[in-house]
Amino acid sequence: MATIREELQAAVRRLFEDDKIDYFLGYVDDYGHTFPAILTKDSDLSGLTFDRKSYNNLAAFLPELRGSRLGLICKQCEVRTLNVLAAEEQLEREKLVVVGVPCPAMIDPRKLSADEAELGSDDPALWQEKCRRCLERNTPTADLFVGEKISTPTPAEGWPLLEEVEAKPAEEREAWWREQMSLCIRCYACRLACPLCYCHQCFVEDNKPQWLDKSVGAENNLHYHIIRAIHLAGRCIECQECSRVCPVGIPVDVLNNVLSRDFASRFGYASGETAETKPALVAYERDDPEDFIL
Amino acid sequence: MARIGVFVCWCGANIASTVDVESVAEAASRLPGVAFATDYKYMCSDPGQKAILEAAQEHRLDGLVVAACSPRMHEPTFRQVAAEAGINPFRMQMANIREHCSWVHADREEATAKALDAIRMMVARVAQSEPLEPIKVPVTRRALVIGGGVAGIQAALDVADGGVETILVERTPSIGGKMAGLDETFPTLDCSQCILTPKMVDASRSEFIKLYTYCEVEKVDGSVGNFKVTLRKKAKYVNHELCNGCGDCFHKCPYKKIPSEFDYGVGNRTAIYVPFPQAVPNKPVIDRETCVFFKTGKCRACEKVCLRNAIDFEQEDEFEEIDVGAIIVATGYDILEPAEMAEFRYGAIPDVITGLQFERMSSASGPTEGKIVRPSDGEEPKVVVFVHCVGSRDENYKEYCSKICCMYNAKHAIILKHRIHDAQAYLFYIDVRAGGKGYEEFWKRACVEEGAEYLRGRVSRLYDENGKVIVEGQDTLSGEQVEVVADLVVLATAMVPAKGTEEMARILGVSTDKDGFFNEAHPKLRPVDTATGGIFLAGACQAPKDIPESVAQGSAAAAKALGLLTKEEITREPTVAVVDPFICTGCWNCVTVCPFGAPEKSEITMTIDGRKVTRPVSEINEGKCEGCGLCVASCPGNCIDQRGFSDDQVYAELGGYLERLRAALTHE
Amino acid sequence: MSDPPVPNESTPAPAWEPNIVGFLCNWCSYAGADLAGTSRIPYACNVRIIRVPCSGRVDPLMILRAFREGADGVLVSGCHPGDCHYIEGNYYARRKFIALKQLLDHVGVDPRRLRFSWVSASEGRKWAEVVETVTRELLEIGPYRYDRDGDD
Amino acid sequence: MDAEYYKLSAENAAGLFERARADYDVVAKTRDANGNLVYGRPVSFEDVAFVDEQPPMSAKAFALPQNETLVRYERGGGEIRAETPEAPARDLLLFGVNVCDAAAFDIIDRVFQWDYLDDPYLARRERTTQLALACTALQRDCFCNRISYAEDGVDAVAYPREGHYLVKIQTDNGRRLVERYRNLFAEADGDPETEITSFLEKAGTAKREPLLETAQSGLAGAFEHADWEILASTCIGCGICTYTCPTCHCFDIQDEGGYVGGRRLRTWDHCTGRTFTAMPAHQPRDRQYKRYRQRLLHKFWYYPERFGPVLCTGCGRCITHCPVKINIKELVEYFGGLSDAPPGGRRHAP
Amino acid sequence: MKFSYYPGCTLHSTGAEYDQSVRAVCHTLGIELVEIPGWGCCGATSAHSVNELLAYALPAHTITNATEEAIAAPCAACYNRLRYTDVNLRENASLRAEVEKALDRPYRAGVAVRHLLDIIANDVPGEEIQAKLQGTLGGLKVVCYYGCLLTRPKKVAAFDDMEEPRSMDRLMQLCGAEVLDWPHRVVCCGAAFSLSRTDIVRHMTGKLLTSALRAGAEAVVVACPMCQSNLDLRQPAILKERGVRERVPAVYFTQLLGLALGHSAKALGFRKIMVDTSSLLARVEAGREAPAEAEG
């Protein structure tokens, strides 16, 4: 991976020197962690890297930097997010420089041991679940590609955890979700880490009227997560950041998968595929299924 | 704390029989925000309304809840009472304790509980109701009529009669539409030219009507009272200011063999032409497609003879933007292309023609000067077969009945008799439909006095045999297979919307039905309105129709338009959406869902951290908003709310009912 | 200022009755319910109606709030597709209902709690039947108890 | 009072757990259904997880719960009935909690006994006894060795030795715990103080200069520092660092229910959130880095300036669980003048 | 391509020449025909006007016996009855139960019923037929007569346009015949009235024959033994009544196709046609020798 580091730093330095960008959004590693960082032309680039802990979806930082010329490292996750954001006119694509990288599949942080020996291994069991379903390891539509392209293994099918929960009978499903939801502390990290939750004032911050109680509790938490999943219908690109950042380990992206699977099979939604698809809930077909309507 | 008055109505016995109105009123008086509560036998009666006015004065009420019938019944009445009592009409709500309660629940105790809940919900709702004033929208005192047929002309004349300037736009070189091409009209057989031409002349002379012929509607923006319409004035290549209509040019034009659209190909016209002698305006246009100058650059014969050098080959299409307050659509009809139906061999056999072609032949000013002839050899036909319902009432083509064919077929039979005394007419029909005034008598005259032979059955096949047209069909009354050896066959084909109707519907944002005709707002109660305010329909563009109905609809649409245009400004329901620009992120969900194009893209400039930031945000055009609330529910950030049906009101209503439950629940 | 006696407190509490919140669109379903009234068609008394301009106005937040505040069932009723006074309101609504139904079914909430119907202004009888069906099925599955106050 | 030292054998530790369950509501580290480590109520001694690793949620909730009903009211029959929940009926024993979690209570007691005595909080603290278990090694993100304030105020700290624990008692609650089960404790022999010091040295948790308290004067001048915008602007404003932190104690008062009945409750809030200080006119901290700056300065400048100890015990949860891994220790050092290299090398334009 | 072959009663009797030419043509074009074991009469027009259960049970019996996935039926009447039965049994559960009770075994649904013209004109690629032609039909002037059952009703027999079918015209064109246009492609020939109401058949068939002659046809090409026999059997008498001396033989499209594919007239059963076909065969022969432009 060493070469990626040098190539990346060189490429970014050139971008700054050629005055192509005002800021660069990438990953930096320090004190044992890899984390997103906003770099300027006089930042020390020595920390700039791209490794198997670069999980963050950098598109989540676009609103803060809107309007300025911005270079950013893009895995396929970011590119699909940019497509959805472009369809909703939340970014000016011409002001962005998409730096493509060969993405070696991110390691699930919960499976990292203290010495992080797993970072070297290629065992798919250690990957984040989304990476098994990844369609393209090398960033498509990148303005600038750094590093050599790598092969993309055939993507796995299906959503294992969703199918596992779904297999339970209704009472067990309710108990399982009630228990997960009782852990939720409503820190909203899942909402704020999600690049597609960019509303200036989210419904959870409303108090006139206060549709959602501020207090935690299995039902309040469940209602919050359901509404969030609805707002992502046909939009969520399954980057699984929401589940990764959850401090108490709730697999919140399962709720998103319920809708992305259903909207894909029923209405042909491939979120993030193009920069034109409108969110699922502001579209309809005359023959949408209505067997459940009296 | 609000000072709300609750008025529980007995509605005679309708409510009081199952709802304990006294206990409900007494309980209501103790609800939060209620300053006064009472019950009365007939709230909507005069004494009832007076009681409200007095109570409002005495208890300084600032909100009303009338627990009685459905708001769809008396909401306007009690809004009026509120206004008189100095209370904003939108702080009056009706609790439906009759249709939704006393009339459908027999158990007295249950009905009373439900009535109290309904009142509790409405009190909570009124407490959250902002005072609202109807939205005032200025009205442009000018009307646009699209389509210069008889319906359009009538509408334009009637609107002009009301002293309102009217723009009459017609796509072809002259107004007059289909009716101008007809000969005598049923049921009176008076010649259409004689009754239509005066109206056409009035339209061209009226000081309030501006005629735009050879002109199409390109784009329509804005909303009721304030439409902004872009017109495309097609290049005529003749300067109508200079031209005095002497006609030298089209007499001189060497190209005389161009099939005339107006005559449906029965006659021909020249490249520079006036569609028919009584055309209004009676000045020619040059058809770019068939004029040889535009192909080879030679000829220019018309230019040479024109003493007023009115010919101008350099003319371009011009665009003009006009502001109108109302639009009347009268784009008329076309006939279904018979060539699609192979069994009638239209086009293969020259002596098989359409009803409109027969009209042109029978018209004195037509290409055959009124003589009915066989297109193949020009001879007078002795045996003529008229075929009804060609393409109409047919599941393979058009399911509907085109309404006027029975009558004009009878008319054709009569005209045939008048023109060729020894001619024999055969008419294949399914049912003769003669429902209009004087229609039955007219048809009876055709088949009894004029000897037309009516054969009840459909035509199965036509074929030509040495100059004759053999018509195979069936006479279901006699059960016989029938074969008529005819000299001429006239097909009464189905009426379909005029070409370009779909395009016009898209430009106007008005929907069309399964057969492509414009959708009226309500088939029985609002036949000339559309779902879009300020756009009205007249004539066959809405459904197959005869001349009397088209004229009637023309006047009706005019009345509707005048009702709108004689006002300085119109008021619209204030229950429109409103966007909070500070929290809107410009994702345009609202723009996507709104069926009326009300949300528009605008901007807001804010200072964040000392820097000026300009952001695209949505803004609702109150003129266009119909108050459906679709955008409110599709905005993830709840940036849009709807006045009169606000989130706060729905939340309060929900809380009003369920809070009682919640309190009861927490007792356990 | 005291509060009115809660009716089902004083009288002996009848067997449990489901509490249903009904969101009805003003042009079709509300008018259909009115017609049930004018035609004197009796039906169960469990639904409390909230009038909205269109079924498209109903936000999933409102439905979940209703369950949170103590409703045992929620019914949203609008015009038949194609009849909507606002041309396509019910089409958008239907897509939202599909998403909400999918999620509630997944997390184990009984699908008979959240019901949708198309009732036109001329279907008074159908409105009565819808209310009867929804009430009867809610009687079978019992009150909706997720967790009341949430403070564990 | 000065510390007292006892020895507690491994078997007696199990005995202490079983016997304490009769008198105390015993909380200890255990695994929940998902296999996550939590402060739970294990039923048997085997379920107790004796690991250095900290549960994501600190023990703060046992003194300041995320949701706490202050008063429940109900209106009916003409008058309003209001009831406040009673104080907890049983004593609480925090058995084997991390020292950094135990030490936090004493730090935040100061603000809850400040000019206003917070009865529900203090009632709970009254009945809580902490038997902390010292860590055998410094975890990756821990920096308790850079905070002066370590076990001060903790009722009892147990240092694992071979086959037994050296227990240091520092408060009355601690002594009462030992007196209750006196037979399980033996007198400590040898020199406990030096033994503890060498234990800390070996574990790496002994104090190491420069302590973060010394950054306070530097931080006082760093409010306008240009690098806040760059170094803290990746903060996404979620509530993880504050909700998992043992010392963050800010809360919001909410009313739920309505006219007929309901409750007023206290619930955690987080200064990094967009609505924390959102005033009707505007949000004074209108950029995310300002909100993060507020959290850091409150912990390492405003709080120590008023109450003495820094509002931090160095547990490192705010780094471990931060979605963007912002490191508060590094930032305190940088803005406090203890180091000149900004974390991740992102110096702003000079 | 492999089909279950359903000859129908006439092809083993009066329509033998159709059967011979069908087998010859299919053999050359590589269409394998497996005669349905134990096939029965399809009931034709007489069954469904007398007893509905019988009208459905007979075809159902034949379809259930079919071994292949699809049935090829050369006769328009059989094709129509089998299609009718298949469509109705699939849509009407109670009728199906009744028929299965009558047959005393389950009905084999899902078998595709195809008319032979549909198979040859639509499934066999034109180029393949072109390649296998031994000689053309020498510009023989023909009109194609589909009859009324082959393309109607739309719901049941939908392999060509109901009013103006062209599949046989295309096929004859391919074989080098001069296909003339005429208006009576789908007008009824009188069908089963041949015995009970011969007057109607004489009237209807007379109209067809005079129309064909007027169009200049030297042969009427048919695809149904019923139509063929009506047009052929009493042609001399019918035309004599109308004072017409010319004759126009009604031949099967498979016979002309067979000629073009090089089979002998004898093998194709031309001698079985009542109206003398020798002049027609001579005409084809002459047309073949004459150089191309002469045909024009």
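Chain A is the first sequence line, chain B the second, and so forth, proteins listed ahead of strands; every chain is numbered from 1. This one's a predicted model, so the numbers in the text were calculated from it and none came from an experiment.
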Verdict with reasoning, A:Phe263 to C:Arg95, per side chain to side chain contact (heavy atoms under 4.5 Å, CB included): CA-CA 10 Å; A:Phe263 276 63; C:Arg95 192 52 88 78; 4.0 Å; yes
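- The nearest pair of heavy atoms linking A:Leu281 to C:Ala99 is CD2-CB, 4.2 Å.
- Once rounded to the nearest 0.5 Å, the distance linking CG of A:Asp262 with NZ of C:Lys101 reads 13.0 Å.
- Inspection of non-hydrogen atoms places A:Phe203, A:Gln210, A:Trp211, A:Leu212 of residues 203-212 of chain A under 4.5 Å from chain C.
- Contact tally against chain C (heavy-atom pairs below 4.5 Å) for A:Ala233, A:Ala283, A:Pro169: the top residue is A:Ala283.
- Going from atom CH2 of C:Trp118 over to atom CD1 of A:Ile293 covers 4.0 Å, rounded to the nearest 0.5 Å.
- Residue-level contacts of residues 247-258 of chain A with chain C, in order of numbering, are A:Val254, A:Leu255, A:Val258; threshold 4.5 Å between heavy atoms.
- Of the listed residues C:Arg115, C:Glu88, C:Glu129, C:Lys96, the one with more heavy-atom pairs under 4.5 angstrom with chain A than any other is C:Glu88.
- In terms of heavy atoms, A:Glu290 sits closest to C:Pro81 at OE1-CG, 3.5 Å.
- Shown here is C:Glu140, whose CD atom has more than 12 heavy atoms of other residues, nucleotides or ligands within 6.0 Å.
- With hydrogens and angles disregarded, a donor-acceptor distance shorter than 3.5 Å links the side chain of C:Arg94 to the backbone of A:Arg286.
- The shortest side-chain heavy-atom distance between C:Asp105 and A:Phe292 does not fall under the 4.5 Å cut-off.
- In the displayed structure, C:Arg125 atom CZ is contacted under 6.0 Å by at most 12 heavy atoms of other residues, nucleotides or ligands.
- Here the closest non-hydrogen pair linking A:Arg173 and C:His106 is NE-O, 2.7 Å.
- Contacts with chain A were tallied for C:Leu61, C:Val134, C:Asp59, C:Ile98; C:Leu61 has the most, counting heavy-atom pairs under 4.5 Å.
- Of the atoms belonging to A:Leu259, it is side-chain heavy atoms, and not backbone ones, that fall under 4.5 Å from chain C.
- With a 4.5 Å cut-off on side-chain heavy atoms, A:His225 and C:Leu103 do not count as touching.
- Proximity to chain A (any heavy atom under 4.5 Å) is shown, for C:Val109, by neither the backbone nor the side chain.
- Residue with the most contacts toward chain C among A:Glu171, A:Glu285, A:Glu174: A:Glu174 (heavy-atom pairs, distance under 4.5 Å).
- Rounding to the nearest 0.5 angstrom, the gap separating the CG atom in A:Asp213 from the CZ atom in C:Arg65 is 4.5 Å.
- The structure places CD1 of A:Ile226 at 7.0 Å from CG of C:Leu100, a figure rounded to the nearest 0.5 Å.
- Separating the CG atom in C:Leu64 from the CD1 atom in A:Ile227 is a distance of 4.5 Å, to the nearest 0.5 Å.
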